[in-house]
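Below, each value reflects all heavy atoms present in this structure, side chains not excepted, and no hydrogens, waters or symmetry copies. For clarity, every value in this text was computed on a predicted model and none was experimentally measured. Atoms within a ligand are numbered from 1 in the order they appear, just like the ligands themselves.
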Amino acid sequence: MTPSFYDEGALVAVLTTQPLDRALDYKAPEGGCHLGAFVEVPLGPRKVLGVVWGPGKGDYDYAKVRSVLRVLDAAPMRDEMRAFLKKAAAYTLTPMPAMLRLATRAPGLGDPPSMRKVYRRGEAEPDRMTDARRRVLEFLGEYGDLAFTLKELAELSGVTSSVIKGLVKQGAVAEEDSPRDLPFPPMDPSRPGKALTDDQARASSHIAGAVRSGAYGTTLLRGVTGSGKTEVYLEAVAACLASGRQALVLLPEIALTAEFLKRVEERFGARPAEWHSGATMTERRRIWRMVGQGNAQLVIGARSALFLPYQNLSLVVVDEEHDTSYKQEEGVLYNARDMAVLRASLLGAQVVLASATPSLESWANAESGKYTRLDLEARFGPAVMPTMATIDMRAEKLPSNRWVSEELKRAVNQRLERGEQAMLFLNRRGYAPITLCRACGHQVGCDQCDARMVEHRFLKRLMCHQCGETKPMPTVCPSCEAEDRMAPVGPGVERLGEEAVELFPDARVAVLSSDMYGSARALKAEIETIAEGGADVIIGTQLVAKGHNFPSLTLVGVIDADLGLQGSDLRAAERTFQLMRQVAGRAGRAEKPGTALLQTYQPEHPVIRAILAGDEEGFWRAEAAQREAAGVPPYGRMAGIILSGPDVAQVFDLANALARNTGPLQRVGAQVFGPAPAPIARVRGRHRVRLLVKAGKGVALQSAIAQWVGQVRLKGDLRLAVDIDPQSFY
Ligand code: ADP
Ligand code: ZN
């Protein structure tokens, strides 16, 4: 057994966040250290963060081994967390230091909790009372024992800070130190929730019971948008909090959930901890520490919230579990949904996967009995599923540069007359996807990537959606130098917005696209204004498909339902199905019934027909049968290997070397496809080549791949990334 404490001088192995291939030996510091302790260790001339990972290896001259510099003021990493990081690393083939970086993504972890001065009513009376002094003392008197910062107190009582300082000198106001990282206010799970319907109550008591059991389990909670999935899992969260344990709710687009946070706050009487990329450094540090001390009971977060140091996590909800943003596509390539299940299984915790349109993976796991499946059949209250119909675009004679059909236009006008909202959905950011020279046909591309530049009129630039590179709109063709012949081709949401303004001159048109707002906060505010009726026609990308509530929205027009059906992606059909269902689910959330109209050139396509028929089980069964026949996920395993480098010949040489020596893969019966240029063959100036590995379901794929890629050495600037269970094939 690994000892849990090391006395001063004992050899310990310390895992650091530095890219080394092993944990390094150090001597335990004065006072010793616990297994899992967060420590600072010397590495060359630097001091780096690390975790005591176990006993030292002892393969070094003891006299030369350096000592741990200090143990940081943070709860040691728990055994369960270390086990989780190890398993996650083994699954995703990620080096441990990168895993540890994910688990310590908060700055200043090692700092002592910084203090700040706060002020409250003191014992003494001032020698002389002035108006200003009286205001301060009366204000403090009103608030009993509450403490305020100098700035707050000065502002709230309307005096200058020197008045307060004067009162401090006389003892009439007390000055104290208080830690900056304050615990989160306690949640009150006993506040009454909504009265649940029978269906909802059955689902929520099932999950709550499972949480209380202290055993691992995963539940797929399926129900159309508006059926009350959120209400159901909030009750399970309440049961979890009531038993004194922690809960985590993962959401795809945390920045956009003002409405959701308000609901949570109403339910539990206090704001939960919010973990997302927009959180400030100070907020991050506070959450990381408080989660570790058990002083944050409920975390609402984006995928990396899964790597916080929970003290007693018992419930993880993954809302919109099918959402592609759960897969991190850069750095550590992990799927937060799958890692949530892994972490919960190690902890004896429950996972709830909520979705109106589950991923085929989760659907299959429920079919095979690995997950429990709970269905909410009806929408809550009078809201009903929208009526859906296609508009056959082959029959429409639209003038060029118009995308809204006559039929859709009529439907929008009807809504406007009734004072309701309509949404036009197009999953394309920017003004136009292509900028073309009318003289020579040249299309403006990115200099760094094999991608077209997309015009963003709002930003007055062309932008590459691969690397983010921008350049000004050219007036002269970069190829034939013809002047003023550059023209936009095809629609983006900005251009659709222009069309809507022309078609509906009396309507207030709002375009919702992530790049049109300076910050997530601004976008969030805009969405709230619109939900409250601040616009009549809403134009949006897939952002709007993610869980916002627009009570007076009764029509959704999908401009190009075929968009997602193109491409060679394994999951193209599934994605289109999900997206269309989600978008359609925006319509008619409140009392008014909704309609969804899908513009398509292939109304007889099986996916389009399944969407219209609302035949989800039918769609899944057909999709599952196809994938099973092809031996692809979830009925087989896949991994992508992406090699990249500045020199295309070198990258291919490496890829060919791998493709020739597939011994370790053959031994487990895995096949290799490629090498081939990746669909986007150049990103940020690096050439990308990919190999695809396919194997049977029960195969130990990771160890075979590790052996296989371990045969080659990466010279110079060449890089190799392994993507287990790839989601996107770019
Ligand atoms: P979902 O998460 O499935 O989209 P929600 O939980 O957001 O559904 O519910 C949709 C709407 O219906 C919300 O405004 C919610 O407050 C309301 N609602 C759902 N169930 C109930 C209930 N039992 N009592 C009152 N309101 C409910
Ligand atoms: Zn680019």
Side-chain angles (χ1 to χ4, degrees), residues 191-208 219-239 247 249-254 256-269 272 298 300 315-323 337 351-359 362-363 373-386 421 423 527-528 530-533 542-554 556 578-594 596 614 616:
R191 283 163 67 100
K194 301 220 163 77
L196 298 184
T197 63
D198 288 352
D199 238 19
Q200 294 172 343
R202 221 172 298 122
S204 95
S205 65
H206 175 93
I207 302 168
T219 303
L220 174 59
L221 178 62
R222 195 206 63 96
V224 295
T225 316
S227 58
K229 296 183 294 298
T230 311
E231 295 299 334
V232 167
Y233 73 65
L234 285 183
E235 290 321 297
V237 167
V249 177
L250 292 178
L251 297 170
E253 294 276 348
I254 184 65
L256 304 170
T257 54
E259 182 191 324
F260 180 81
L261 287 164
K262 220 184 293 162
R263 256 172 103 170
V264 174
E265 194 174 345
E266 267 162 31
R267 177 64 182 81
F268 299 116
L298 174 58
I300 311 290
L315 173 63
V316 184
V317 176
V318 185
D319 201 355
E320 311 281 357
E321 67 91 29
H322 61 278
D323 196 280
R337 176 195 63 209
V351 179
V352 173
L353 305 178
S355 175
T357 53
S359 59
S362 299
W363 180 83
R373 175 166 160 180
L374 298 173
D375 284 76
L376 299 177
E377 285 311 338
R379 278 193 165 189
F380 175 75
V384 287
M385 274 312 280
Q421 289 178 317
M423 176 183 290
I527 290 177
E528 265 176 281
I530 293 174
E532 283 158 15
Q542 66 182 3
L543 265 185
V544 298
K546 289 180 182 167
H548 308 294
N549 222 333
F550 299 97
S552 5
L553 181 75
T554 59
V556 172
Q578 287 161 342
L579 192 58
M580 292 300 121
R581 299 277 301 186
Q582 296 271 326
V583 171
R586 294 295 112 222
R589 294 259 294 181
E591 285 71 33
K592 301 164 193 147
E616 288 178 54

request  = Using a 4.5 Å cut-off on heavy atoms from C-beta on, say whether the side chain of R202 contacts that of Q200.
outcome  = no
message = Tell me the contacting part of K229 for ligand 1: side chain, backbone, both, or neither, using a 4.0 Å heavy-atom threshold, strictly below.
response = both
note = Judged by heavy atoms only, the candidate from R222, R263, E231 nearest atom 5 (P) of ligand 1 is R263
message = Give the atom numbers and elements of ligand 1 that come within less than 4.0 Å of a heavy atom of V224.
response = 3 (O)
message = Taking the basic N atoms (NZ, or NE/NH1/NH2) and the acidic carboxylate oxygens, is any pair closer than 4.0 Å for E235 and R267?
response = yes
message = Show the atoms of ligand 1 that are less than 4.0 angstrom away from any heavy atom in L196.
response = 23 (N)
request  = Decide, yes or no, whether a salt bridge links E266 with R191 under the criterion of side-chain N to carboxylate O below 4.0 Å.
outcome  = no
ask   = Taking only residues two or more places apart in sequence, or in another chain, which ones meet A236 in a side-chain contact (heavy atoms from CB on, under 4.5 Å)?
value = I207, L315
task = Could you grab the distance from atom CD of E321 to atom CG of L250, nearest 0.5 Å is fine?
result = 12.0 Å
inquiry  = I'd like to check which ligand 1 atoms, numbered from 1 as shown, lie under 4.0 Å from a non-hydrogen atom of A195.
reply    = 22 (C), 23 (N), 24 (N)
